[in-house]
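Values reported hereafter were calculated over all heavy atoms of this structure, with side chains retained and with hydrogens, waters and symmetry mates removed. Atoms within a ligand are numbered from 1 in the order they appear, just like the ligands themselves.
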Amino acid sequence: MTRPRILCLADLKPQDMAQRLEGDYHVLRDIADAADVEAVVTAGNVGLSTAQMAQLPALRLIAVNGVGVDAVDLAQAARRGIAVTTTPDVLSQAVAEMALALALATGRQVAEGDRFVRAGQWAGGGKLGLASSVLDRRAGILGYGRIGRRLADMLRGLGMVVSYTARSERPDSPDCFRPDAVSLAQDCELLFVTAAGGEGTRNLVDAAVLSALGAQGIVVNVARGPVVDTAALVAALQSGTIAGAGLDVFDDEPDVPQSLLDAPNCVLTPHIGSATVQARRAMAQLVLDNLAAHFAGQPLPTPYPG
Ligand code: 8YV
């Protein structure tokens, strides 16, 4: 049987999952060769642009290896009846874990301490200043989807008081709803950004939110760079308006602006929230399941929207 031709713009991981994809499909990497393909595999942060979609007249399925669809032209997909699938739930734990790691690393000077030791400053008699404890601060979650709620469960389990803001209140939630980002920031010292990307959330964390967060405040972003106004964040870090930031996502990945590289108390990681063996394997499995269902004419396991 001939293997269906697909276009793959994102590497599935770990390696054996990539091999399974290669075993089941004739995998093309260059869109210029792929005018006839029915299915594309892409990553959350790679997506499929308006121009790319226009180059694929036979397209029927966009299988995102991730949960973000902000880089996919959803309007064109809807107009052309192209299905979109994502990999919900299986990465929530990993991303929430990363958010917690960044909060702890930022608040407890983990990265700074590591640099301090390696630079010989400890051996040279230097001392790091005292940090403020992290787990007794109040937490706020901006974006209360699957990842935000998984993070809230973790933080509650650590004894933290959690508030959230989202498009609408969830009456079944044990956490306190706040109507907007400023009132959430007023109510917390650790602000976790887990909202979906896209125009609706651009610069949601702006100068007013950062000022409401206050001098003890830490911002953690594991969502999309543009949800936080980078210029306002850098200014808030430089002026001491907030205490620190832990960032896994950026406006123009993989480029990180010099202003952030130079900003005090800022821990930076290269968009690795879902990058655990367990999460990536489960994500890749869902991509394979969605492709298989599409080519078998079966219902898609994890369509977007669900
Ligand atoms: C990954 C993500 O970077 O889920 C998303 O939207 O941004 C991340 O999980 C990416 O999708 C991995 O392929």
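The salt bridge (charged side-chain N to carboxylate O under 4.0 Å, His left out) pairs that include a residue from residues 91-105 number zero, where partners must be two or more places apart or lie in different chains. For residues 56-76, the set of pairs meeting the side chain to side chain donor-acceptor pair (under 3.5 Å) definition, not counting sequence neighbours, comprises Thr50-Asp73, Asp70-Arg224, Asp73-Gln76, Gln76-Arg80.
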Between ligand 1 and the protein, find all N/O pairs closer than 3.5 Å and give the distance for each.
| from | atom 1 | to | atom 2 | distance (Å) |
| --- | --- | --- | --- | --- |
| ligand 1 | 3 (O) | His271 | NE2 | 3.0 |
| ligand 1 | 4 (O) | Val67 | N | 2.7 |
| ligand 1 | 6 (O) | Val67 | N | 3.4 |
| ligand 1 | 6 (O) | Gly68 | N | 2.7 |
| ligand 1 | 6 (O) | Arg224 | NH2 | 2.7 |
| ligand 1 | 7 (O) | Arg224 | NH1 | 2.9 |
| ligand 1 | 7 (O) | Arg224 | NH2 | 3.2 |
| ligand 1 | 7 (O) | His271 | NE2 | 2.9 |
| ligand 1 | 9 (O) | Ser274 | OG | 2.8 |
| ligand 1 | 11 (O) | Gly44 | N | 2.8 |
| ligand 1 | 11 (O) | Asn65 | O | 2.8 |
| ligand 1 | 13 (O) | Asn65 | O | 2.8 |
| ligand 1 | 13 (O) | Asn65 | ND2 | 3.4 |

>> Under the criterion side-chain contact (heavy atoms from CB on, under 4.5 Å), I'd like the reasoning laid out for Leu102 against Phe192: C-alpha separation, chi angles, the key distance, then a yes or no.
In response: CA-CA 10 Å; Leu102 281 171; Phe192 291 98; over 6 Å; no
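Between Phe177 and Tyr144, the distance from one ring center to the other does not fall under 6.0 angstrom.
Under the rule for a side-chain hydrogen bond (donor to acceptor under 3.5 Å, both in side chains), the partners of Asp248 that lie at least two apart in sequence or sit in another chain are Thr269.
Distance alone, capped at 3.5 Å, is enough to place a donor-acceptor pair between the Asn265 side chain and the Ala243 backbone.
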